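On a predicted model such as this, the values are computed, not experimentally measured, just so you know. Note: hydrogens, waters and symmetry copies are ignored here, and every other heavy atom, side chains too, is used. In the text below, chain A, chain B and the rest are named by the order of the sequence lines, each starting its count at 1.
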Amino acid sequence: MSRFYITTPIYYINAEPHLGHAYSTMVADAVARAHRLLGDDVFFLTGTDEHGQKVERAAQKAGMPPNRFADVVAAKFRDLLPSLHASNDDFIRTTEPRHHASVQALWRRVRDRGHIYKGEYAGWYCTVDEVFVPETQLVDRRCPICGNAVERIAEESYFFRLSAFQQPLLDHYRRHPDFVTPTVRRNEMMTFLEAGLDDLSISRTSFTWGIPVPDDPAHVMYVWFDALTNYMTAAGFGSDDAASQQRFARYWPADVHLIGKEIVRQHAIYWPAFLLAADLPLPRQIVSHGWWLMDGAKMSKSKGNVARPRDYIERFGLDALRYFVFREMVFGQDANFADEAILTRYNADLANDFGNLVSRATTMIHRACGGRVPAPVASLLGRPDEQRLQEKVARLIAQVRDAVTVFQLSSALRDIWEVIADTNRYIVVREPWKLAKAADRQDELATSLYVAADTLRVIAELLRPFMPATAERTLTMLGVTAEAASWATLAPGTLVAGTHLGDTSPLFPRIEQTVEELRLMSNENSNPPTVPDAVPASPPAPPPAVAAAPAAAATGTITIDDFMKVELRIARVLAAERVPKSKKLLKLQVDTGADQRTIVAGIAEAYEPEALVGRTIVVVANLQPAKLMGVESNGMVLAGSIDGGPPVLVGFDRDMPPGARVR
RNA sequence: GCCGGAGUAGCUCAGUUGGUGAGAGCACGCGUCUCAUAAGCGCGGGGUCGACGGUUCAAGUCCGUCCUCCGGCACCA
């Protein structure tokens, strides 16, 4: 029996769980379940990432100590798992003692091998993305990634000698072509590696909510060193007792780290580098999936288009949601999450094709065969229609087995549904309802219903990883009460004749409402957004079409004096041209009333230079000069944008002269 | 700008190493059975396979150029 260790990302507790989190968990769950059915000794891990400055501050805001805050929010993630039917074997929190011990053990190992040194880091730090932002990338002292204000940090810091691992990592990539999948991500990582690596700052002194650095408790560890190590902690790393050590020997290295495409670099470069430095085995594979898009856009809190898994479970049921996400997302690519698409999949695939098939097959057996699986007649099983179907079922078992283990869930389901269609066709060809009326054709009747039921039984066994509850219900209706059949021995023709069927009931009743009606219904019934706790880690998404009050921008207020330090002035664009070789930059000559100067603005993707000449804009007049793509910029142009979308210039509703102060 | 990916029916997409007249699902129209969740089954309409060249007996399938979209990096005062 081989073992299989799969992980989800550990979820950062700064927001409510959304569909993206749920998707990672569900995919890992399906694959874990499949491996169990294949007879593997599976270890399936998920959990929460709870340290860092963001959490420390959120806790402050909520008026509670970080550990209590973490307890409350982590519970939300943990509580979601049962409603997803997640079959995880462990749930790890980075705040647990076992994890502290493990991370410190890893640190010592890396340090003792000479890959950690103490240095000084002075720079701009974004607390949202937990990264230092190079001076040259700052946008008005704001993080270029998330747009939030960055902070000046000059502090002593420990560094990890990441630069030393460029070549070892490249070697590893070449020796293990499937180390990172899909290939797109692997290629990205290869080019990133080839460009060279900077050493990585891996500790902080500016906050305390983290794991202390061994022998230097003034430092806490940088989030990724802490977080990534969870994968080893749960396997038993860093523990002294013999049982844990045995477990670690058995389960490490992990077979799969399943992640979203936004954290590939951390998993495919930082993590393996840490492990190489510690002289520990690397995970076998980093598998990354795409994003669920709402109307083609990434889900985000500020757009209020975050899909909450609970809403969909309520409307369609968990298994319908699972079916949809597995079936609809070609693994690795982005996919659209549209209510209409779920409804279509539900009615067409689940209700019409599958649910109705189970219903018609079992009903006929109840009526015509006294509710017992009829015994097929060997000679009739040899007819072409029966042969073809059973051969196809045998092939299907192999196809699904192969597809699931390489994360091709959508193709596995597509193949299963093809056989479902075949079975519907088979029933039409045999017309058992007619056979039932012909006393001299009872053998044909029994054989045809047996073949249909037997096929459904295999299908149900194959559906277990994807839709566990549906699979169980189907098998119960077919009278199969045995434990899950091993996928190693599953085969057509093994349904036992004579067993009593269970009662038939619709698996997926058709949904006749429109999407709009469904939304209304769930708005009425739904218990007010379940936020019983006093921890608004993030403001709840505003209801669409309602101008929600900007939820108390409690994020660090400033005084009026602070604001007045910023000299905002009206200016007129005198000339504009593209900065050569740049995609985003325009070089502007502007008249600020007091002087004429050059300002470089990152708006080239939204504005043609010609269209800007003569235009009135707002600039920050007293910003420190900076060089961008070799051009000195003296100030900055104000523009609004939605979630990093195209910038929209600030303007006035009547003409204003250059030089006027804006406040 | 560099690197990578993608552009195939109204929509979402399959199309292996180039070779029977270009496919599936959904949606739409017609027909049909009646066991079943007004479900099933059959038939049909619709596509210059992004554009233009090229290689070849033969190209969505290979090569070149271009256009559009997406992603990574550079970059984003």
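Backbone-only contact: R367(A) has heavy atoms under 4.0 Å from sugar-phosphate atoms and none from a base.
rC52(B) and rC67(B) are spaced 11 Å apart, taking the C1' atom of each and rounding to whole Å. Across the P atoms, rG21(B) and rG40(B) are found 33 Å apart, a figure rounded to whole Å. rA9(B) sits 15 Å from rG60(B) when the P atoms are compared, rounded to a whole Å. When the P atom is used for both rG64(B) and rG18(B), the distance is 16 Å, rounded to whole Å. For the P atoms, the distance from rU16(B) to rC11(B) is 23 Å, rounded to whole Å.
Contact annotation: K261(A) side-chain N/O to rG72(B) OP1/OP2 distance is not under 4.0 Å. Look at R265(A) and you'll find a side-chain N or O under 4.0 angstrom from OP1 or OP2 of rC73(B).
Of the options F324(A), W292(A), Y312(A), a ring pair (Phe, Tyr, Trp, His ring centres under 6.0 Å) to Y23(A) is made by W292(A) and by none of the others.
Note on ring orientation: taking the six-membered ring where Trp is involved, the planes of F466(A) and F326(A) are perpendicular (angle over 60°, cut-offs 30° and 60°).
Note: CD1 (I269(A)) to P (rC73(B)) measures 10 Å, nearest angstrom.
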Between the protein and nucleotides 37-46 of chain B, list the N/O to N/O atom pairs that are separated by less than 3.5 angstrom.
unit_1, atom_1, unit_2, atom_2, d
rU37(B), O2, F508(A), O, 3.1
rU37(B), O2, R510(A), N, 3.2
rU37(B), N3, F508(A), O, 2.8
rU37(B), O4, G355(A), O, 3.1
rU37(B), O4, L507(A), N, 3.1
rU37(B), O4, F508(A), N, 3.3
rA39(B), OP1, R510(A), NE, 3.3
rA39(B), OP1, R510(A), NH2, 3.3
rA39(B), O2', N352(A), O, 2.9
rA39(B), O2', N356(A), ND2, 2.8
rG40(B), OP1, D353(A), OD1, 3.4
rG40(B), O2', R360(A), NH1, 2.9

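Toward the 5′ end of RNA chain B lies the nearest nucleotide of E431(A), the other residue of the pair R185(A) and E431(A) mapping further downstream.
Remark: rA22(B) base-pairs with no nucleotide; criterion is Watson-Crick or G-U wobble with both hydrogen-bond distances under 3.5 Å. Remark: rC75(B) base-pairs with no nucleotide in the shown strands. Criterion, Watson-Crick or G-U wobble with two distances under 3.5 Å.
Considering only side-chain atoms of W433(A), the nucleotide from rG25(B), rG71(B), rC33(B) that sits closest is rC33(B). Closest to the side chain of T344(A), out of rU34(B), rG71(B), rC26(B), is rC26(B).
Taken to the nearest 0.5 Å, the CZ atom of F316(A) stands 6.0 Å off from the CG atom of D339(A). The CD atom of Q285(A) sits 13.5 Å away from atom NE2 of H267(A), with the distance rounded to the nearest 0.5 Å. Interatomic distance, CG of N347(A) versus OG1 of T344(A), reported as 7.5 Å (0.5 Å rounding).
With hydrogens and angles ignored, the 3.5 Å screen pairs no side-chain donor or acceptor of E328(A) with any backbone N or O of F337(A).
Between F508(A) and Y346(A), a ring centre-to-centre spacing shorter than 6.0 Å is recorded.
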